[in-house]
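Below is one structure, written out as structure tokens; the observations come after it.
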Amino acid sequence: MAEVTVQAPAKINLHLGVGGVRPDGFHPLATAYQAISLSSRVTARDASTWSLTCTGRDGVDVAGVPLDDSNLALRAGRLLATHAGVDRAAALHLDKGIPVAGGLAGGSADAAATLVACNELWDLKLSRETLAELAAELGSDVPFGLYGGSASGHGRGEEVEPLTDAGRYQWVVLTFDFGVSTPAAYAEFDVLHAGSEVPEPEIPPALIKALADGSVDGLAAALGNDLQPATLRLRPDLAVPLTAGREASALAALVSGSGPTCLFLVRDAEHGAQVAAALADFGHARLASGPVPGAEVL
Ligand code: C5P
């Protein structure tokens, strides 16, 4: 095949349980992921040398995206080529519909999409499980980008298991023109918990039940993010839109992952439009729904 395009979704953490820092510097997680309907597309074209271009759509600013070898999509393509012993490269184009450095795993989605695209491009026929092992080497959230849906994540987030989810949920996703560095948020978590024993993280059983029942009210009551106090210490101003969203009748409001993106659970598209209107002064409010599938060839 000469060219393949793959779409991969943004992730949110319905619950992000974080434990005390491990000797390797990572934090043990017990998280419930959900893939939502903001997505990026990666096009891979067979080539003899690696190259990368990037555009943004739906208002996504890609000015901060590195186009050098540090880009996770290029690293994904190279890792797959090395693993499979392929003596080819690819010209990659990222069309990003997931805001950058927002706590939505946009870079991880690009990497997951690149693994699927190059697997197809070079006709490698590697299984999702094999791709997930490579994905785990690239970053904690990359394996989930392959699976999508609603799923649990353990380890540092890379051990992904599907969760039964009977529901369809509507979200208002509020993004900003600034980012929060994930390592900085975790470092702040360590500062906040210095000298205290951090309990083993767990996904609340009430959240697992809410998803199995497809209950939006159950989900609203069970959402949570252990990193949120750390992110709010780095960006205290995020408390204002979180409160504004609740006051505008969102069922729940929380920071997505390490932030700064804020998530507001709503009942339906009409309710979402109303909440989004109340948040418009704070950032870019988008409507999204989940769960949606993981990386898939278009
Ligand atoms: O795995 P990933 O490259 O996405 O992680 C980025 C950074 O986030 C890590 O270097 C680490 O500082 C922090 N992190 C962590 N514990 C995790 C996941 C990420 O401390 N479970």
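Remember, it's 1-based here, ligands and their atoms both numbered in the order they're listed. Position 1 is the first residue of the sequence, and the numbers go up from there.
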What are the atoms of ligand 1, with element, lying closer than 4.0 Å to any heavy atom of [X]?
| X | answer |
| --- | --- |
| Gly25 | 20 (O) |
| Leu29 | 21 (N) |
| Gly139 | 1 (O) |
| Pro183 | 7 (C), 12 (O) |

So, [X] side chain and [Y] main chain: donor-acceptor pair closer than 3.5 Å or not?
| X | Y | value |
| --- | --- | --- |
| Glu158 | Arg156 | yes |
| Ser258 | Ala185 | no |
| Ser256 | Gly259 | no |

Practice item. Report yes or no: does a heavy atom of Gly155 sit under 4.0 Å from some atom of ligand 1? Key: no
Review point. For ligand 1, is Thr182 a contact, meaning one of its heavy atoms is under 4.0 Å away?
Key: yes
Review point. Is the shortest side-chain N to carboxylate O distance from Arg78 to Asp69 below 4.0 Å?
Key: yes
For [atom], what's the nearest protein heavy-atom neighbour? Residue, atom name and distance, please.
| atom | result |
| --- | --- |
| atom 19 (C) of ligand 1 | Tyr186 CE1, 3.6 Å |
| atom 5 (O) of ligand 1 | Phe26 CE2, 3.9 Å |
| atom 16 (N) of ligand 1 | His27 N, 2.9 Å |

**Study point:** For Trp50 against Ala90, the heavy-atom pair lying closest together
**Key:**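 What the structure gives for the nearest pair is CE3-O, 3.3 Å.
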Exercise for review: Scan Asn225, Leu207, Leu29, Thr31 and name whichever one has a side chain to side chain contact (heavy atoms under 4.5 Å, CB included) with His15.
Suggested key: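 Testing His15 for a side chain to side chain contact (heavy atoms under 4.5 Å, CB included) against Asn225, Leu207, Leu29, Thr31 leaves exactly one candidate, Leu207.
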Check your understanding: Based purely on interatomic distance, does Arg156 place a nitrogen or oxygen under 3.5 Å from a nitrogen or oxygen of ligand 1?
Key -> yes
Point to revise | Sub-3.5 Å N/O-N/O distance, Ser140 and ligand 1 | key: yes
Review point. Thr175 and Thr261: side-chain donor and acceptor closer than 3.5 Å?
Key: no
Review point. Can you list the steps and then say if Lys96 with Asp110 is a salt bridge (charged side-chain N to carboxylate O under 4.0 Å, His left out)?
Key: CA-CA 8 Å; Lys96 290 171 83 75; Asp110 296 341; 2.5 Å; yes
